[in-house]
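Accompanying notes for the structure given below.
Here the structure is a predicted model, which is why all the values come from computation and not from measurement. Proteins come first, then strands; the chains are lettered A, B, ... in the order of their sequence lines, and each starts at number 1.
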Protein chains: 2
Amino acid sequence: MGYFASEIKTMDDLFVHTLRDIYYAENSILKSLPVMIEKTTNSLLKQALMTHLEETKGQVERLKRVFQLHGVEIEGVNCAAIDGIMSETDDVTGEVGDKAVLDAAIIASGQAVEHYEISRYGTLVAWAKRLGRDDCAGLLQQNLDEEKAADRKLTSIAETAVNRNAA
Amino acid sequence: MGYFASEIKTMDDLFVHTLRDIYYAENSILKSLPVMIEKTTNSLLKQALMTHLEETKGQVERLKRVFQLHGVEIEGVNCAAIDGIMSETDDVTGEVGDKAVLDAAIIASGQAVEHYEISRYGTLVAWAKRLGRDDCAGLLQQNLDEEKAADRKLTSIAETAVNRNAA
């Protein structure tokens with residue numbers, strides 16, 4: 001999609017490449033979250049995923065603002081990592097019949113997604129600061145904080161509700 | 001590899017499937033870490049990756065013990081997520097010429113791997129406890145603790161050495 005890894009020469013190139021990687025990932029998540037919400041039966045979990053869908057829309061807007069602040073074109077690059085996590089999610093959640101077990105599988109998949117994002121945003125915040133882009137770092141930090149909170153929320157729902165029903 | 005997602009009916013099935021997923025992932029990491037170590041130039045980073053290679057060997061042994069305790073065959077299932085993360089790692093680190101930028105890219109890839117493992121081990125520990133397998137949970141917790149420590153170590157190296165040189 002116009003920006004290949006072979007063009008990475010500087011920290012700035014690496015920053016922009018990784019920004020495009022997470023931009024692609026967030027857009028993939030926007031498409032897959034409604035499918036997960038549809039499959040979910042636990043009402044607490046369904047609500048948490050719906051809240052996170054709205055948050056994700058805001059995160060994509062923040063990423064667009066980071067591209068603009070940094071003066072580069074808004075575009076994604078293929079992210080094999082999120083494709084792989086999503087493929088695993090489809091594979092596992094597509095075949096589980098028991099509703100409570102399915103909810104447990106959805107939480108596990110959601111947390112794999114959150115942790116991927118936490119790693120990428122953590123990296124991007126650090127690099128933005130090094131590049132003197134505190135404006136970008138601030139926006140990326142907001143996304144990072146939301147992903148960490150979403151991960152903690154999923155842990156809490158798993159522990160208090162879903163795993164108990166599934167086991 | 002003998003255990004398809006379509007066979008997942010119970011929490012126990014889901015636990016074993018995810019155990020096989022992380023077993024495949026750890027074995028992939030065992031193969032790719034030496035390549036990363038070879039590419040790394042920063043001595044602190046090289047040492048940290050070498051230490052983690054030894055830890056990873058121990059983690060695979062703990063996973064084998066978990067399979068045995070739980071009375072199931074030791075085998076992996078294809079893990080599209082780790083394949084995707086590794087493919088991205090190869091793509092990005094294969095093309096960066098500048099040594100300091102390459103080290104920064106290696107840390108970012110390493111942290112994506114660590115976070116994938118942290119999410120899977122976190123899930124497995126919770127499920128093992130729910131299934132009444134405190135023996136398995138204890139071993140999985142040891143792997144989880146090591147992955148979290150490895151992630152913190154990479155953050156520390158990035159902040160104190162690598163990013164400063166690369167930016």
Side-chain angles (χ1 to χ4, degrees), chain A residues 4-14 17-18 21 78-98 100-102 104-105 107-108 110-120 122-124 126-127 129-132 151 155 158-159 163-164 166-167, chain B residues 4-14 17-18 21 78-98 100-102 104-105 107-108 110-120 122-124 126-127 129-132 151 155 158-159 163-164 166-167:
Chain A
F4 300 100
S6 59
E7 295 169 21
I8 297 173
K9 291 187 178 70
T10 66
M11 265 315 275
D12 198 281
D13 295 337
L14 191 58
H17 179 81
T18 307
D21 173 288
N78 261 17
C79 169
I82 205 73
D83 287 347
I85 293 170
M86 292 305 183
S87 158
E88 238 176 83
T89 299
D90 291 345
D91 187 35
V92 172
T93 65
E95 303 295 344
V96 180
D98 182 279
V101 177
L102 178 58
I107 289 181
Q111 293 197 287
V113 171
E114 291 311 318
H115 272 280
Y116 181 71
E117 297 185 283
I118 288 167
S119 84
R120 288 304 184 215
T123 292
L124 283 166
W127 288 349
K129 286 178 183 168
R130 276 287 166 207
L131 292 167
D151 180 59
T155 296
E159 287 178 352
N163 289 354
R164 191 171 306 176
Chain B
F4 299 102
S6 59
E7 294 169 20
I8 296 173
K9 292 188 176 68
T10 66
M11 264 315 273
D12 197 283
D13 295 338
L14 191 58
H17 179 80
T18 307
D21 172 287
N78 262 16
C79 169
I82 205 74
D83 287 347
I85 294 169
M86 292 304 182
S87 157
E88 236 175 85
T89 299
D90 291 344
D91 187 34
V92 173
T93 64
E95 303 296 343
V96 180
D98 183 279
V101 177
L102 177 60
I107 289 182
Q111 292 197 288
V113 171
E114 290 313 316
H115 271 280
Y116 180 72
E117 296 184 282
I118 288 167
S119 84
R120 289 303 185 215
T123 293
L124 283 165
W127 288 350
K129 286 180 184 168
R130 275 289 165 206
L131 292 167
D151 180 59
T155 296
E159 288 179 351
N163 290 353
R164 191 170 305 177

Please flag which part of [X] lies under 4.5 Å from any non-hydrogen atom of chain B: side chain, backbone, both or neither.
| X | value |
| --- | --- |
| A:T18 | neither |
| A:D21 | side chain |
| A:R130 | both |

Interchain contact, [X] with chain A, by part (heavy-atom threshold 4.5 Å):
| X | result |
| --- | --- |
| B:S119 | both |
| B:E114 | neither |
| B:T89 | neither |

Problem - Residue selection (most heavy-atom pairs with chain B, distance under 4.5 Å) from A:A100, A:C79, A:A81 - result: A:A81
Practice task
Name the option with the most non-hydrogen atom pairs under 4.5 Å to chain B; the candidates are A:E159, A:R120, A:K129.
Solution key: A:R120
Completion exercise
Counting heavy-atom pairs under 4.5 angstrom with chain A, the leader among B:M11, B:Q111, B:H115 is B:H115
Practice task
For chain A, find which of B:G97, B:A104, B:A126, B:S87 contributes the most heavy-atom pairs closer than 4.5 angstrom.
Solution key: B:A104
Looking only at heavy atoms, what is the nearest atom pair of [X] and [Y], with distance?
| X | Y | value |
| --- | --- | --- |
| A:V92 | B:I8 | CG1-CD1, 4.0 Å |
| B:Y116 | A:A112 | CE1-CB, 4.3 Å |
| B:A105 | A:W127 | N-CZ2, 4.5 Å |

Handout entry: Atom pair CD1/CD1 of A:I85 and B:I82 - distance to nearest 0.5 Å
Key = 9.0 Å
Practice task
Taking the side chain as every heavy atom from C-beta outward, state whether B:V96 and A:D13 have any atom pair closer than 4.5 Å.
Solution key: no
Exercise for the section: Taking B:E88 for its side chain and A:A80 for its backbone only, find out whether a donor-acceptor pair lies under 3.5 Å. Expected result: yes
